[in-house]
Amino acid sequence: MQNYNHQKIEKKWPHKKLSADRQKEAGFLRGKQKEYDHKVIERKWRRYWENKKIYKAADKNRSKQNFYTLVEIPYPSGNLHVGHWYAFSVPDIFARYKRMWGMNVMFPIGFDAFGLPAENAAIKRGLNPKKWTYDNIKYMENQLRSMGASFDWDRKIITADPEYYRWTQWMFLHLFKKNLAYQKETQANWCPSCKTVLANEQVVSGRCERCDSEVEKKNILQWNLKITDYAEQLLNDLDELQWPEPIKESQRNWIGKSEGAEIKFQISNSKSQIPVFTTRPDTIFGATYLVLSPEHEKIPNYNHQITNWDEVIRYIEQSKKKTEIERTAENREKTGVELKGIKAINPATKEEIPIFVADYVLSGYGTGAIMAVPAHDERDLEFAKKYNLPIKQVIAPFFIDKDNPPKEEKKWSPRKAVQAVIKHPEKDEIVQIHWKKMPWKTLVIGGVEEGESFEEAVIREVREETGFKNFRKVEKLGWEIRSQFYAEHKDINRDAHVQVFIVELEDLEQDKLSEEESEKHTVNWVPTSDLEKTFWPISELPEIVANIKNRKYVFSGNGKLINSSEFNDLDSEKAKDEIIKFVGGTKKTTYKLRDWGVSRQRYWGVPIPIIHCEKCGQVPVPDKDLPVKLPEIKDYLPRNDGKSPLAKAEKWVSVKCPNCKGKAERETDTLDTFVDSSWYFLRYTDPKNKKEFADKKKMEDWMPVDFYSGGAEHNTMHLLYSRFWQKALYDLGLVKDKEPYKMRMNRGLILGPDGNKMSKSKGNVVDPDEIVRNLGADTVRTYLSFIGPFNETGHYPWSTDGIVGVRRFLERVWKLREKVTEGENVKDEILFNRTIKKVGEDIQSLKMNTAVSALMIFTNALAKQNTISKKEFETLLILLAPFAPHLTEELWQAVLKKKSSIHQEKWPKFNPKKIGRNMTTIAIQINGKVRAVMEAEGQESEEKIKEMALSQEAVQKWIVGKEIKKVIYVKGKVLNIVLTPAPTFA
RNA sequence: GCCGCGGUGGCGGAAUUGGCAGACGCGAUGGACUCAAAAUCCAUUGGCCGCAAGGUCGUGUGGGUUCAACUCCCACCCGCGGCACCA
């Protein structure tokens with residue numbers, strides 16, 4: 001074979017300058033193949049393992065504990081990329097480690113074979129989706145085998161095999177019979193130009209992936225699964241799972257539980273009522289109008305009473321047509337139309353309030369109708385301002401002054417007061433008053449006098465205290481603040497009602513302050529950001545400070561009720577229940593989670609096994625007729641009416657009703673591929689079973705999954721769907737566990753060498769096949785472990801330089817074989833035992849990077865020895881075996897002449913007595929700074945260590961003439977000598 | 001806007017969970033071997049001051065707690081990911 005000489009090639013064809021990366025990798029090939037020839041070694045051992053089936057997981061092994069390692073089932077896109085290598089090879093290291101620990105490990109693999117890309121290839125390039133998929137699987141299987149992962153290939157599954165999807169259909173029918181599957185008109189993405197339904201993946205920022213037209217919403221009859229029935233369980237059972245907290249948190253947010261109340265609003269001159277959902281029943285006295293979503297089903301009921309019906313209908317039609325882009329636009333302004341001619345009655349105030357239809361209210365959440373409280377809800381406020389609706393404050397921000405709390409025995413005295421945030425005409429600054437006799441910095445503050453309005457009071461106070469006289473704008477904040485404190489100078493408890501104003505100055509023209517005033521305080525300009533440092537009471541209320549800064553004068557926090565008749569002075573949290581009772585509402589819990597739409601108007605998927613009969617309705621396909629096989633068709637484009645391409649297979653569609661034997665038609669939608677992957681881990685436990693989806697006993701042996709590794713992108717969808725599926729199967733008595741996965745870990749992301757996500761358009765895609773060819777699978781595996789810890793926060797750029805370092809490390813291991821001598825002696829016992837301990841612990845906690853680092857340190861130490869004992873070398877090989885399975889097997893069997901695989905060896909034990917050194921280095925700190933280090937017996941007493949430290953020259957230098965105040969000793973680590981601070985030079 | 005994650009040398013990352021910041025690897029610089037290069041081996045490698053001994057600063061920014069802070073608390077800035085009018 002010709003050596004690959006880039007210099008020669010470049011001289012000959014300078015225009016074909018080869019990349020630095022290839023040169024680097026190629027460097028290892030030249031003159032090295034005889035040394036560590038990964039190609040020969042890796043091929044040889046792979047064949048050996050597969051013939052001997054050493055990774056086959058026995059169903060039952062009494063002497064061993066079962067351990068189920070699962071990686072997310074890959075989609076057969078055509079090529080194994082670096083991400084796959086990362087996703088599979090690191091869990092493989094973990095699986096191998098568990099196996100060496102004596103566990104019966106199952107590490108299965110399969111293909112999630114249905115889905116859109118196959119169909120797109122069919123439509124765009126005229127291929128057969130089945131052939132495309134199965135060809136890809138064949139190709140990828142070979143690539144997967146080249147990784148040298150310890151997959152149990154006998155358990156391979158393909159979700160597009162009829163033997164698999166037969167059970168997908170069977171399970172779907174069980175859900176259907178339990179009323180967990182139903183058909184409903186649901187909105188789908190519709191491309192008006194292609195006249196077809198689009199999957200979410202085909203909608204790119206509101207536009208059709210294919211023709212770039214704006215995507216609309218269209219109502220289509222679709223199948224849904226009632227995942228919402230399980231919302232509460234899905235939420236509660238999270239608590240028991242040993243998953244990383246952030247994953248649980250994102251599921252909680254996705255489920256989005258919120259507790260509130262449903263309250264009915266009577267429509268005047270009508271018997272009908274409109275229920276609203278609110279989490280803030282305590283604000284009901286401030287509900288000044290009602291809003292219905294455009295889809296609200298009661299609107300048509302009022303068409304005779306509504307006087308502007310045409311306008312209303314026009315608005316509803318318009319909002320239906322609104323595209324994704326318009327709906328999600330950044331500065332979308334709220335729009336709406338009043339339903340003139342009808343009014344609602346606020347059940348708390350009994351007042352008539354207007355009703356609007358507006359698309360800022362969503363139909364799918366709560367009751368599709370809200371009571372609007374503009375004083376305490378940002379969205380309602382925006383709408384109210386635009387349409388000039390009344391804003392009524394009913395919650396007052398409230399706090400008790402912690403420094404001067406009210407005293408129980410003292411008299412209460414209410415007081416009205418004003419406060420002013422005075423804004424500089426040009427700069428982002430406000431006025432702060434510094435009091436001469438008191439330590440406070442405050443805003444302009446003052447009491448309201450008899451017969452004076454708040455507005456009059458604030459202007460008077462600003463003039464008196466600052467002298468400014470020209471105001472551009474005096475704006476009252478939406479709310480009054482309540483605060484309670486003990487006023488010492490008057491010996492009473494104050495109950496202050498403070499009204500806050502924003503006063504914008506026109507200019508800095510200023511009258512001279514009266515002598516009385518200027519004796520008391522000074523006027524100072526400070527940055528607006530100092531607002532929270534300004535004393536009382538605003539600074540106590542972060543939401544208000546933030547609002548003033550952002551000019552959003554709305555208060556959505558808790559406080560004391562005002563303007564709420566008999567409920568005044570109640571705490572808002574406590575008032576909720578009483579008000580619900582008062583207005584005859586009911587407590588209610590709602591979730592953001594929606595039912596799971598599983599219909600796809602697509603060809604390449606699992607046919608939904610339902611038959612529509614005119615007489616009998618939706619009839620499940622009988623078990624004996626399963627699977628409903630996907631028919632072969634030629635044209636994969638969806639029909640213009642939004643129906644699946646399957647509808648074109650007329651012979652297949654028309655069937656006899658299993659019930660009445662009359663004329664009937666098959667359902668033509670196929671199932672979302674998330675359904676296929678919602679139970680595949682169950683099938684792995686018994687992949688070839690023809691009578692059941694899996695044998696119960698076998699499932700019990702393996703389930704739940706002990707370790708599930710995958711991508712963060714599946715935290716909410718796949719993970720939630722499969723948990724739901726498992727729970728549904730549990731309730732059907734088909735599985736024994738309520739939760740499928742005991743432990744879940746998210747992997748990180750391998751980026752391109754430029755630090756960006758790998759993508760063909762950026763040209764930064766790393767081809768793993770080429771690197772495996774040049775450097776070997778063991779190098780790639782070890783490099784991917786070395787790159788950083790295996791978790792969701794890791795985003796690692798692929799580095800060709802970095803991988804070369806790992807190859808060098810493996811070559812050093814390879815070279816060690818020359819120095820091996822018989823014997824059991826270990827030169828550095830402590831390093832030896834520490835390495836065993838650290839590598840094991842690190843693999844267990846998925847910190848593969850530091851495990852490799854420890855192996856490197858050990859290898860470097862061995863390389864420095866003249867000879868190494870068999871014990872040292874064998875131990876190194878066993879510890880390295882999970883990372884570099886081929887290399888270690890070669891050294892084990894071919895060089896050390898062992899008769900069985902290294903991968904069936906036991907993980908070595910370390911001697912816990914030999915991991916600590918007798919002599920350790922102790923850092924000596926003076927006032928927390930390291931000034932010296934010394935060697936000492938780790939077990940030595942504090943007295944002795946102190947004595948030794950003080951005798952050190954470097955220490956003496958620092959302590960002469962100073963008093964030792966304190967000495968802190970951390971055993972075997974640090975001695976800190978605290979001196980009194982040096983006397984300042986007088 | 002909300003939720004989550006993160007910010008440490010030229011780069012990937014380490015730090016026994018409050019105890020010598022920068023392990024290990026890469027890169028870089030110098031040297032050995034070589035006609036030369038590659039490969040390999042040896043040495044140095046956070047910044048600044050210094051011939052040196054040594055000193056000093058240093059884990060996004062500002063404050064705090066502590067004998068001691070990358071690690072804990074408060075406020076903020078930046079990057080990434082997800083959700084986005086959820087009443």
Side-chain angles (χ1 to χ4, degrees), chain A residues 5-7 23 26-28 30-32 35 245-247 249-250 252-254 256 258 260 276-280 283 291 327-328 332 334 358-362 364-367 369-373 376-380 382-383 529 532-533 550 552 556 590-594 712-713 715-716 749 755 783 786-789 791-806 808-809 811-812 815 838 841 847 849-850 852-857 860 863 921-933 954 957 965-979:
Chain A
N5 186 331
H6 68 272
Q7 287 182 329
Q23 293 174 25
F28 281 97
R30 255 171 286 129
K32 303 209 87 175
E35 289 281 317
E245 203 49 46
I247 305 182
E249 199 51 34
S250 64
R252 287 188 192 110
N253 287 339
W254 192 265
S258 72
V276 303
F277 175 73
T278 177
T279 55
R280 293 297 301 268
T283 63
V291 189
R327 285 206 315 109
T328 56
R332 65 211 133 150
K334 289 188 175 39
D359 63 7
Y360 82 91
V361 172
L362 306 175
Y365 185 79
T367 60
I370 61 152
M371 61 179 212
V373 186
H376 305 291
D377 183 284
E378 207 180 310
R379 298 151 300 181
D380 296 342
E382 198 191 316
F383 191 81
S529 55
E532 51 265 81
K533 290 179 207 153
N550 305 334
K552 262 187 216 160
S556 51
T590 50
Y591 303 88
K592 286 187 203 169
L593 185 72
R594 308 289 160 85
E713 68 273 23
N715 279 355
T716 43
L749 206 62
Y783 171 64
F786 187 57
I787 203 164
N791 63 36
E792 66 270 32
T793 54
H795 287 211
Y796 309 112
W798 181 272
S799 155
T800 307
D801 290 333
I803 195 169
V804 161
V806 171
R808 282 208 269 262
F809 158 61
E811 288 190 1
R812 266 198 297 271
K815 233 181 169 174
K838 180 151 183 66
E841 286 174 355
K847 291 187 208 155
N849 54 332
T850 47
V852 175
S853 162
L855 288 166
M856 284 173 169
I857 292 169
N860 291 346
T921 43
I922 289 173
I924 305 165
Q925 300 180 329
I926 315 280
N927 283 342
K929 288 197 174 179
V930 180
R931 297 300 182 184
V933 285
K957 194 175 95 183
K965 207 171 147 193
K966 202 173 178 185
V967 176
I968 293 128
Y969 178 55
V970 183
K971 204 170 176 183
K973 280 170 190 161
V974 160
L975 183 89
N976 191 9
I977 301 165
V978 186
L979 307 171

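Order of the sequence lines fixes the chain letters, A, B, ..., with proteins taken first and strands second; residue numbering starts at 1 for each chain. Because the structure is a prediction, the values reported are computed rather than measured.
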Between [options], which nucleotide has the shortest distance from any of its atoms to the side chain of [X]?
X	options	answer
A:Trp254	B:C41, B:C83, B:C24	B:C83
A:Met856	B:C83, B:C24, B:G6	B:C24
A:Lys973	B:G19, B:U40, B:C67	B:G19
A:Phe786	B:A87, B:G25, B:A23	B:G25
A:Asn849	B:U40, B:G13, B:C80	B:G13
A:Ser853	B:A87, B:C24, B:G6	B:C24
A:Ile857	B:A23, B:C20, B:C5	B:A23
A:Asp801	B:A87, B:C26, B:C57	B:C26
A:Asn253	B:C24, B:G4, B:C3	B:C3
A:Lys847	B:G12, B:A15, B:U40	B:A15

Practice prompt. Taking only the side-chain nitrogens and oxygens of A:Lys838, find out if one of them lies under 4.0 Å from OP1 or OP2 of B:A14.
Written response: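 Result: no.
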Base, sugar-phosphate or nothing for [X]? Non-hydrogen atoms, less than 4.0 Å.
X	answer
A:Ile787	sugar-phosphate
A:Asp380	nothing
A:Val361	base
A:Val930	sugar-phosphate
A:Ile968	base
A:Ser258	sugar-phosphate
A:Arg594	base
A:Thr278	sugar-phosphate

What interatomic distance, in whole Å, is found between [atom1] of [M] and the corresponding atom of [N]?
N	M	atom1	result
B:U61	B:C24	C1'	31 Å
B:U44	B:A52	P	16 Å
B:G64	B:C70	P	15 Å
B:U17	B:G81	C1'	27 Å
B:G25	B:G13	C1'	9 Å
B:A36	B:G31	P	13 Å
B:G10	B:C5	C1'	26 Å
B:A21	B:A68	C1'	14 Å

Item to complete: Using the side chain to side chain contact (heavy atoms under 4.5 Å, CB included) rule, take A:Ile803 and A:Trp798 through it: C-alpha gap first, then chi angles, then the decisive distance, then the call.
Response: CA-CA 8 Å; A:Ile803 195 169; A:Trp798 181 272; 3.7 Å; yes
Item to complete: Could you grab the distance from atom CD of A:Glu841 to atom NZ of A:Lys838, nearest 0.5 Å is fine?
Response: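 Atom-to-atom, A:Glu841:CD and A:Lys838:NZ are 7.5 Å apart.
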Discussion item. For A:Arg252, is there an ion pair with A:Glu249 - N to carboxylate O distance below 4.0 angstrom?
Written reply: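 Counted as a salt bridge, because a side-chain N and a carboxylate O are separated by less than 4.0 Å.
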Worksheet item: Relative to each other, are the rings of A:Phe383 and A:Tyr360 parallel, tilted or perpendicular (30° and 60° limits)?
Response: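 Correct class here is tilted.
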Worksheet item: Taking atom types as modelled and ignoring hydrogens, do the side chains of A:Asn791 and A:Thr793 form a donor-acceptor contact shorter than 3.5 angstrom?
Response: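 A pair is found: one side chain offers a donor N or O, the other an acceptor, under 3.5 Å apart.
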Practice prompt. State whether the distance check finds a donor on one side and an acceptor on the other, under 3.5 Å, for side chain A:Lys334 versus base B:C85.
Written response: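 Counting by modelled atom types and ignoring angles, a donor-acceptor contact under 3.5 Å is found here.
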Worksheet item: For the base of B:C67, is there a side-chain donor-acceptor partner from A:Asn976 under 3.5 Å away?
Response: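 A donor-acceptor contact between them is present.
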